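Keep in mind that the numbers below use all heavy atoms, side chains included, and drop hydrogens, waters and symmetry copies. Everything numeric here is computed off the predicted structure, so don't read it as measured data. In what follows, residues are counted from 1 in the order of the sequence shown. We count ligands from 1, going down the list as the structure has it; atoms in each ligand are counted the same way.
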Amino acid sequence: MKREIRRVLVTGALGQIGSELTVELRRKYGTDNVVASDLRDCGCFGLKESGPFHTLDVMDYNQIEKLVKDYEIDTIVHLAALLSGVGEKNPTACWNVNMNGTMNVLNVSVANKINRVFIPSSIAVWGPDCPKVAPQETPLHPTTMYGVTKVAGEVLCDYYVKKFGLDVRGLRYPGIISAETFPGGGTTDYAVAIYYEAVKRNHYTCFVKEDTRLPMMYMPDCLKATMDLLEAPFDKLKHHSDFNVGSMSFDVKTLAEAIKKYKPDFTIDYEPDFRQAIADSWPDSVDDSAAREEWGWNPSYDLDSMTKDMLQILEEKNKAGLI
Ligand code: NAD
Ligand code: AKB
């Protein structure tokens, strides 16, 4: 079966991950061969000007299929979704976007003989009964609608692998930390906002408690994990759409101390909101031995190297008036 990656369609390309993953895909496969798309037509001007961009609603099968045919797409990276915070405020919209979007991408892929599909999952698949270190195989009992859609999405992807022989891959991303595009409404957003506020105001009011501990990953490792899995030989994969990937795990107090090492006057206080319960339902860290064994996963950053990098990038952006 033909499995090459030549022409890629990215959905949700203007989001936190898409805005950087699209650049990485263009660097690897050529600017004109990576079509960026999003429901929105605003923000991330560099991405829109550096290659093909189209507005696309993933809830519309025909719109996806038209782009696939027009550009002779052979690979789809499906990032469009509503995340946990936004999803708990509007569970019906979260179900509709995440499930109908995923179903449409999978059906377009089968109908148009797409070679490869990448659809991320999340640490949100787990619930309070998950061990503190989430095993690769363990019951999935999420308490958020976002988590429900991620569990259903994983099961649906595996169904398409078995039923149609579609090559679908996916990772359970931890909270992603980055300095390019602000996150779109998740629970782990505090671990990004803290850096922005440290640079702008030297103070952060955190929406979860200081002992809240979650799995996190810096964007360069997120890009590496995504590209490595995307390019892994299909016949080497025993799992498909549900790989655990770990990198680092820390509580908010430890994160604040890591920032204080570079900004000694930084202060933090806490006003927990509805996202505390979501964070409390997720594990502290993950066992990613399947990803290490099946496609060689190996992260590069730890809390200190990420903090140094994040602060340097955001200080420069702040001086230039960009944040
Ligand atoms: P984001 O919220 O930053 O971006 C999502 C993008 O999807 C937005 O640009 C939005 O405009 C777009 N979108 C929303 N509805 C759409 C629709 N109907 N049609 C087309 N586009 C639509 O999200 P992200 O952080 O970049 O996440 C990308 C993927 O990674 C998602 O599947 C998410 O669940 C997963 N993930 C992200 C994280 C993280 O920490 N960022 C962690 C785990 C999993
Ligand atoms: C969220 O907090 O909703 C996301 C995720 C971990 O899936 N960042």
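Shown in contact with Thr187 at under 4.0 Å from a heavy atom are these atoms of ligand 2, numbered in order with element: 1 (C), 2 (O), 3 (O). Close contacts between ligand 1 and Gln16 involve ligand atoms 1 (P), 3 (O), 25 (O), 26 (O), 39 (C), 41 (N) [criterion: under 4.0 Å to a heavy atom]. Every atom of ligand 2 is numbered from 1 in the order shown, and the set under 4.0 Å from a heavy atom of Ser84 is 1 (C), 2 (O), 3 (O). The atoms of ligand 1 that sit less than 4.0 Å from any heavy atom of Leu83 are 2 (O), 23 (O), 25 (O), 33 (C). Numbered from 1 in the order shown, with element, the atoms of ligand 1 that lie under 4.0 Å from a heavy atom of Asp57 read 17 (C), 18 (N), 19 (N). Close contacts between ligand 1 and Leu14 involve ligand atoms 9 (O) [criterion: under 4.0 Å to a heavy atom].
If you look at Ile176 next to ligand 2, there are no close heavy atoms at all, none under 4.0 Å.
Heavy-atom distances between His78 and ligand 1 stay at or above 4.0 Å for every pair.
For the 3.5 Å distance criterion, the side chains of Asp309 and Tyr218 qualify, holding a donor opposite an acceptor. Side chain to side chain, Tyr262 and Asp304 meet the donor-acceptor criterion of an N or O pair below 3.5 Å. A donor atom on one side chain and an acceptor atom on the other are found under 3.5 Å apart for Thr267 and His203. Looking at Gln276 and Thr212, their side chains do bring a donor and an acceptor atom within 3.5 Å of each other. For the 3.5 Å distance criterion, the side chains of Thr75 and Asn115 fail to qualify, holding no donor opposite an acceptor.
Across Glu316, Met310, Glu315, Lys319, a single residue satisfies side-chain contact (heavy atoms from CB on, under 4.5 Å) together with Val199, and that is Glu315.
Ranked by closest heavy atom to atom 42 (C) of ligand 1, the top entry among Pro174, Gly175, Gly185 is Pro174. With distances taken over non-hydrogen atoms, the option nearest atom 12 (C) of ligand 1 out of Leu39, Leu79, Asp38 is Asp38. Taking each of Gly184, Ala81, Cys94, Pro215 in turn, the one with a heavy atom nearest to atom 5 (C) of ligand 1 proves to be Ala81. Considering Ser178, Gly186, Ala80 only, the shortest heavy-atom separation from atom 13 (N) of ligand 1 involves Ala80. Across the listed options Ile17, Thr11, Leu56, Asp60, Leu56 owns the non-hydrogen atom lying nearest to atom 20 (C) of ligand 1. When the heavy-atom distances from atom 44 (C) of ligand 1 to Ser121, Ala191, Pro120 are ranked, the shortest goes to Ser121.
Here the heavy atom of the protein found nearest to atom 34 (O) of ligand 1 is Tyr146 OH, 2.5 Å. Looking only at heavy atoms of the protein, atom 32 (O) of ligand 1 is closest to Lys150 NZ, 2.9 Å. At the top of the distance list for atom 4 (O) of ligand 1, counting protein heavy atoms only, stands Gly15 CA, 3.2 Å. The protein atom (non-hydrogen) at minimum distance from atom 19 (N) of ligand 1 is Val58 N, 3.0 Å. Annotation: atom 8 (N) of ligand 2 to nearest protein heavy atom, Thr188 OG1, 2.7 Å. For atom 39 (C) of ligand 1, the closest non-hydrogen atom of the protein is Ile176 CG1, 3.6 Å. Remark: minimum distance from atom 5 (C) of ligand 2 to any protein heavy atom is reached at Ser122 OG, 3.5 Å. Looking from atom 4 (C) of ligand 2 to the surrounding protein, the closest heavy atom is Leu83 CD2, 3.7 Å.
A salt bridge is absent between Glu293 and Lys238: the closest approach of a Lys/Arg side-chain nitrogen to an acidic carboxylate oxygen does not fall below 4.0 angstrom. By the 4.0 Å N-to-carboxylate-O rule, Glu88 lies too far from Arg275 to be salt-bridged with it. Note on Lys260 versus Glu257: no salt bridge recorded, every NZ/NE/NH1/NH2 to OD/OE distance being 4.0 Å or above. In summary, Arg213 and Asp211 do not engage in a salt bridge, as defined by a charged side-chain N under 4.0 Å from a carboxylate O.
Counted within 6.0 Å of NZ on Lys89, heavy atoms from surrounding residues, nucleotides or ligands total 12 or fewer; the atom is thus considered open. Residue-environment remark: CZ (Phe274) exceeds the threshold of 12 foreign heavy atoms within 6.0 Å. Heavy atoms of other residues, nucleotides or ligands lying less than 6.0 angstrom from NZ of Lys253 number 12 at most.
Taking distance alone, with nitrogen or oxygen atoms compared against 3.5 Å, Tyr146 approaches ligand 2 more closely than that limit.
Taking the six-membered ring for Trp and thresholds of 30 and 60 degrees, Tyr173 and Phe118 have ring planes inclined between 30 and 60 degrees apart.
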